[in-house]
Amino acid sequence: MMINLLLYFSVATQYDNSSNQSSFCFDFSQQSDLPHIWEECLGSGHAKLALRDDWRAHLKLARDKLGVKAVRFHGLFDDDMGPVVVKADIQSNPSRAVNWSSAIHYDNGYMYNFSLIDSIYDFLVHDLNMAPYVELSFMPAILARDPFQRYLAYEACTSPPRNVSEWGSLIYAFGMHVTARYGLPRVLNWTFEVWNEPNLKPIPVLGGFWRGTQQEYFELFKVTSLALKRVNSQLRVAGPSSAGGGWLPEFIDFISANNVPLDAISTHHYPDVTRRNSLSKDVANNRATLNTYNISKALPLYISEFNSGLIDRGTNHDSPFASSYVSWMLPLIATTQNAALLSYWTFSDVFHEVIWTTKPFHDGYGLINMQGIPKPSFRAMQLLHELGHKALNLTFSRSSDSSNSTFASLSYNGSHILALITNFQLPANDSGSANVEILIKGVSYASSGALRRIDDTHANAYSAWEDLGRPWPLSPSQEEMLQSKSEMVVTSIPIQFDAKQQSVTFSVDVPREGVAAVSFRVH
């Protein structure tokens, strides 16, 4: 039987720039779980983008290389998706059996058209063997209280419904349709999340994701949940999909007081790059809040949006800052088991909220750029995918001092150890490279080692593009070269094996914001 072992540590160290040193020791005897919660879902922009060939090619690459299981996006019911709801003269006939697998349905003077949704879901389910993480948004204009309340470049209608029961009828029909088309056993593994960030205050002139009150959102959630549970009581419903952990106590109070079905708590967090560990602390605080309520202490917590920083303050999503951040932070949160899902926002720069650009690198949120070139963050997620599912605790550490973060995770898959080592730096920190020494006890044999790097000069198409003078548009030869520069290159690294002590030692220099992956065969 193949056993996966993962050795894990996260310590804070600060080094003198000229000699940053750190040593760590591990043993196979102390194990804990390391769930790959970052593979449960990746985020995208809005639904219509999922009809594009490049969006689909990028998602397939993420599925193949990163092991992602689901994808989440806004605007499933936006008018550019059909529209999904229109007025119809044909009335539903309650005496006639409804063919729920059909894309077209009639109800109370409306026609529901799910054909474009079907095109997207057919691709996810049948072509990629993935699932949608279903964000139920936004409001079809014909059902809206104010159809002129719009937001973002794709003009999402973010008004509450004129009649919340009409929204409930749409949700019921949609639930019946997807269970008929894709089969109940498959759909029971999907998550249905109600809206997106309703707690954010609308921006003057620009608008916001929700133009109703908190109570109106809670009523919308109640009607949505009850409609889905009419389809099948086991469908998984999540909310409040708030920004920054907002509304959680009020939402739980409402759910409890009104006996509303709820299967998961969802919220979003983007790190404050002036505070180390801000993301893990925010997640821990959310979990602590949920644990104070009987109704929510057993519910999973979904962070259905996060990345290395929403606004650029030295946190460029195209650069190794993002790759070092996810390599450090994701296993750290996973080992706490405070969250059951972490969905990176977003998997691709095929994304349009304000300005559409084909510029190869523009600090877009994606793991993959517009031309399909993986960024350093994509390569880091690729290495995270290779980790095992068991973590071993640190048994000993020694470091120069205490402000800079060095992180490592070592996994055993039955034949090889993979060590993932990160030198993550906050933008304001001027520390440089680190020399990291790893000692592993309890190993009877070790082969020579293979090293892969992600940093300023390795697996970094962004820095190669800068070296070219930031060309835009790219020529075919430039695009091919940048694809090549994005690849991780394998080189050798010395591994010292002590047969008498049954231990392995190796050391590696890791540049600022660098990631080093060392693998070698053991038994």
| field | Parallel, tilted or perpendicular: ring planes of Phe73 versus Tyr121, cut at 30 and 60 degrees | value | tilted

| query | With ring centroids as reference points, do Phe306 and His269 lie under 6.0 angstrom apart? | reply | no

| said: Does any part of the side chain of Pro320, heavy atoms only, come nearer than 4.5 Å to the side chain of Asn460, both counted from C-beta? | reply: yes

| said: If you apply the rule ring-ring contact (aromatic ring centres under 6.0 Å, His included), what do you find for Trp195 with Phe138, and how did you get there? | reply: CA-CA 7 Å; Trp195 216 256; Phe138 290 103; 5.2 Å; yes

| Below 4.5 Å, heavy atoms only, C-beta onward: do Met139 and Gln149 meet side chain to side chain? | no

| note | With Ser225 as partner, the option from Val194, Val260, Leu235 fulfilling side-chain contact (heavy atoms from CB on, under 4.5 Å) is Val260

| query | Between Trp328 and Tyr325, what is the ring plane arrangement, given parallel below 30°, perpendicular above 60°, and tilted in between? | reply | perpendicular

| message | Pair Ile203, Tyr151 - check side-chain contact (heavy atoms from CB on, under 4.5 Å), show working. | response | CA-CA 10 Å; Ile203 302 170; Tyr151 190 45; 3.9 Å; yes

| request: Please tell me if the side chains of Leu124 and Leu59 come closer than 4.5 Å, counting only heavy atoms from C-beta onward. | output: yes

| task | Measure the acute angle between the ring planes of Trp345 and Phe351, then classify it against the limits of 30° and 60° as parallel, tilted or perpendicular. | result | perpendicular

| note | Result for ring-ring contact (aromatic ring centres under 6.0 Å, His included) between His74 and one of Tyr133, Tyr154, Phe209 points to Phe209

| field | Identified salt bridge (Lys or Arg N to Asp or Glu O under 4.0 Å) counterpart of Glu216 within the set Lys222, Arg145, Arg211 | value | Arg145

| message | Quiz question: by atom type and distance under 3.5 Å, do the side chains of Thr267 and Ser242 form a donor-acceptor pair? | response | yes

| said: Would you call the rings of His352 and Trp356 parallel, tilted or perpendicular, taking 30° and 60° as the class edges? | reply: perpendicular

| request: Over 60° means perpendicular and under 30° means parallel, so classify the ring planes of Phe218 and Phe251, tilted if in between. | output: tilted

| Would you say the side-chain atoms of Thr191 and Arg236 include a donor-acceptor pair closer than 3.5 Å? | yes

| Can any side-chain N or O of Trp210 pair as donor or acceptor with the backbone N or O of Asn196 at less than 3.5 Å? | no

